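Per chain, numbering begins at 1; letters A, B, ... match sequence-line order. In this text, all values refer to a predicted model and were calculated from it rather than measured experimentally.
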Amino acid sequence: MAKDSFRTHHGMVDILPGESEQWQAIEKIIHDTAREFHFREIRTPVLEPTELIARGIGQLTDIVSKEMFTFSRGEDNYVLRPECTAPVARAYIQHHLDQRGGTQKLYYIGPMFRAERPQKGRQRQFHQFGAELIGSDAPAADAEIIAFMVRIYEKAGIRNTTLKLNSVGDPESRRSYQQALHDYFRPILGQLSEISQQRFETNPMRILDSKEEEDQPFIADAPLITDYLNEECRNHYAGVKERLDLLGISYTEDPRLVRGLDYYTKTAFELVSPDLGSQDALGGGGRYDLLIEEIGGRPTPAVGFASGMERFLIACEALGITPGSDPVPDVYIVTRGDEAGKWGLRMLKTLREAGIRATMDFAARSVKAQMKDANREQARFCIIVGEDELKQGRFTLRNMSESDEQMLTPDEILTRLQPPVQSP
RNA sequence: GAGCCCAUAGCUCAGUAGGUUAGAGCGCCAGGUUGUGGCCCUGGAGGCCGUGGGUUCAAAUCCCAUUGGGCUCCCCA
């Protein structure tokens, strides 16, 4: 690589032709599924007020405490959004979407940013799609969100996933549970890993998440949140499970499933895949009944999920699924000479207006080089234009797979190519 | 923030008892067909062997540093 050239920042990747078609294909699945479920798209800015994210996600989370890309300009503090639930909630409040009546079913696709060390399935700029159902505390809302997420992967052909499900309770349940955890861990605190000892103070539930070898035996016997849920949370959890059963969505209850962001309440879920390596979650989410009030709205229950696009594609690749296909032109116009080149340009316009995908050479190369290029691009037909054709008003139409040629007028060529040849 | 691995052409990689002009396959460009692709043949372009220093008569090869990349921990999508 030349000395003076540039490359992307650490953890930022270019998506090139050949890959971009795969992205478009899964984006299409997401958009199509959203239509079936009647989720409506919302697009929020990539930059958000730093304070919104800090308050929404929680000061003590890793995301806020050490993974944000921030900068200031004048009085304003900007952050590259690390996730999209808080921004969507912000938009809901800002635009008074509650006044539109009913519940809001919103979905999004877009880049998110976290200043972590990159590894498989984790980049600094990564892409998430997700959905939020705002304004309902009913278990049916949780089920709808989960059904939407699950359906997208199902459509893509990703069948070997596991849906992990839990309830993390409401503040009241959480308090009694945290008390139980404190009572349980305090006597054995010295035997826990350093990180777990810290979490004992900050967020004892996270100890259950620990992967430290030394913690495992203690975690195995630790009290479970499900035993401390109050009646409301218990009923809600049962209601969600009942509806998932109803929808034929299988799940595995995981009483140790904890979500990383502070705003979650009650339902927590995660869709995991065995093909992702160390970062095994395709997506996750849950209920966040406290968030909207926390960032300045009226108390409003909501539930949502977020999924990683990069991990989606890793899962596809592991299963041998290649979403989308490389585009090929119907026609490649091969020209010889300046006049032919101009004719070709006009013909391109005509073809395209007829819905025929057409291109040509734009580097004034030899006929042979143009044919080679047409072959490389897998064009179905070539139109070959030189002085003879211009004089006769009839042009050579070459079928590239059959290798046969006909001399036709432009009108005949159009008729011959319509309806546009089918492409995969 | 911590650990491990890697670094030779556009891509995938050969190349160590250190020794003359650094290789292959694929890809790219051109010719063989003065207007015709895919197969084939021939030729060509393209590397200061990531960067800097050291050891040596001599370094892609040994040593140190540095940068970049990958993976893992932490955490998350």
Side-chain angles (χ1 to χ4, degrees), chain A residues 1-3 5-13 16 18 57 60-67 81-85 109-130 149 193-196 198-199 203 206 209-213 258-261 270-273 276-285 304-315 332-337 340 361 363 365-390 395-405:
Chain A
M1 174 134 3
K3 242 185 293 186
S5 63
F6 297 99
R7 51 169 301 120
T8 50
H9 273 124
H10 201 44
M12 315 254 168
V13 302
L16 303 176
I57 298 177
L60 295 178
T61 59
D62 282 7
I63 292 177
V64 171
S65 63
K66 55 189 189 193
E67 296 172 359
R81 62 183 183 193
E83 57 99 53
C84 215
T85 297
I109 304 181
M112 310 293 158
F113 305 82
R114 294 182 198 174
E116 295 183 279
R117 192 103 177 239
Q119 66 188 65
K120 183 175 178 141
R122 173 195 290 168
Q123 299 296 333
R124 290 186 157 191
Q125 173 171 342
F126 62 108
H127 300 77
Q128 287 187 330
F129 64 95
M149 175 173 80
S193 65
E194 200 175 322
I195 179 86
S196 291
Q198 287 170 19
R199 288 182 184 157
N203 188 352
R206 303 307 303 274
D209 245 358
S210 168
K211 287 171 188 162
E212 301 292 324
E213 197 65 41
V258 178
R259 306 244 71 233
L261 282 37
E270 209 167 270
L271 191 69
V272 300
S273 156
L276 295 184
S278 180
Q279 312 302 325
D280 68 349
L282 281 167
F305 80 90
S307 265
M309 300 278 283
E310 284 82 358
R311 293 182 188 181
F312 196 160
L313 286 166
I314 290 171
Y332 191 110
I333 302 180
V334 173
T335 66
R336 182 160 187 270
D361 171 67
R365 302 195 298 163
S366 70
V367 168
K368 179 173 180 160
Q370 294 181 58
M371 292 297 296
K372 209 173 159 173
D373 197 35
N375 186 62
R376 188 173 19 235
E377 299 298 333
Q378 298 178 62
R380 278 72 194 291
F381 292 89
C382 276
I383 297 173
I384 301 165
V385 194
E387 284 177 30
D388 294 348
E389 284 86 351
L390 288 173
F395 302 84
T396 309
L397 182 69
R398 180 183 180 86
N399 181 322
M400 294 296 277
S401 53
E402 313 281 323
S403 293
D404 64 50
E405 294 183 356

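- Between the side chain of A:Glu270 and the base of B:A77, no donor-acceptor pair of N or O atoms lies under 3.5 Å.
- In this structure, A:Ala374 reaches neither bases nor backbone, as no heavy-atom distance under 4.0 Å exists between it and the strands shown.
- Across the interface with RNA chain B, nearest-nucleotide mapping of A:Val13 and A:Gln128 shows A:Val13 to be the residue nearer the 5′ end.
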Under 3.5 Å between N/O atoms: give me all the protein pairs with nucleotides 2-5 of chain B, atom names plus distance.
residue, atom, partner, partner atom, Å
B:A2, N6, A:Arg117, NH1, 3.2
B:G3, O6, A:Arg117, NH2, 3.4

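- For B:A17, the base is syn relative to its sugar; the glycosidic angle is within 90° of 0.
- Atom C1' of B:G31 sits at a distance of 43 Å from the matching atom of B:U67, rounded to the whole Å.
- Taking the P atom of each, B:A7 and B:U42 are spaced 33 Å apart, rounded to whole Å.
- Donor-acceptor pairing under 3.5 Å, judged by distance alone, is present between the side chain of A:Ser403 and the base of B:G38.
- Contact annotation for A:Leu282: backbone-only contact, meaning every heavy-atom pair under 4.0 Å involves sugar-phosphate atoms and none involves a base.
- Contact annotation: A:His10 side-chain N/O to B:G69 OP1/OP2 distance is under 4.0 Å.
- A:Ser307 and A:Gln128 form no side-chain donor-acceptor contact under 3.5 Å, judged by distance and modelled atom types alone.
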I'd like a list of close polar pairs between nucleotides 28-31 of chain B and the protein, N/O only, cut-off under 3.5 Å.
residue, atom, partner, partner atom, Å
B:C28, OP1, A:Arg376, NH1, 2.6
B:C29, OP1, A:Arg365, NH1, 3.4
B:C29, OP1, A:Arg376, NH2, 3.4
B:C29, OP2, A:Arg376, NH1, 3.4

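- Below 30°, between 30° and 60°, or above 60°: for A:Phe129 and A:Phe305 the angle between ring planes is above 60°, a perpendicular geometry.
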Pairs under 3.5 angstrom, nitrogen or oxygen only, protein versus nucleotides 42-45 of chain B, please.
none

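- Using a 4.0 Å heavy-atom distance criterion, A:Gly121 is classed as a base contact.
- Distance, A:Met371 CE to B:C39 P: 14 Å, rounded to whole Å.
- Within the 4.5 Å cutoff, no side-chain heavy atoms of A:Arg380 are placed close to those of A:Ser401.
- By the side-chain hydrogen bond (donor to acceptor under 3.5 Å, both in side chains) test, A:Arg124 pairs with no residue at all, sequence neighbours left out.
- Residue A:Thr396 has its side chain nearest to B:G35 when only B:G35, B:G38, B:A77 are considered.
- Each of A:Glu310 and A:Gly11 was assigned the nucleotide of RNA chain B with the nearest heavy atom; the assignment lying further toward the 5' end belongs to A:Gly11.
- Side-chain N/O atoms of A:Gln370 and base N/O atoms of B:U36 include no donor-acceptor pair closer than 3.5 Å.
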Strand RNA chain B as a dot-bracket string - pairs counted if Watson-Crick or G-U with both distances under 3.5 Å, | where the partner lies in another strand: (((((((..((((.....[...)))).(((((.......))))).....(((((..]....))))))))))))....
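- For A:Glu389 against B:G35, a side-chain N or O and a base N or O form a donor-acceptor pair under 3.5 Å.
- Counting heavy atoms from C-beta outward, A:Leu390 and A:Phe395 have side chains that approach closer than 4.5 Å.
- Under the 4.5 Å side-chain criterion, counting only non-hydrogen atoms from C-beta, A:Leu313 is not in contact with A:Met309.
- The side chain of A:Asp388 lies closest to B:G35 when the candidates are B:G35, B:A77, B:U72.
- Residues that satisfy the salt bridge (charged side-chain N to carboxylate O under 4.0 Å, His left out) test with A:Glu405, not counting sequence neighbours, are A:Arg398.
- Close to B:U72, at under 4.0 Å from its OP1 or OP2, lies a side-chain N or O of A:Gln119.
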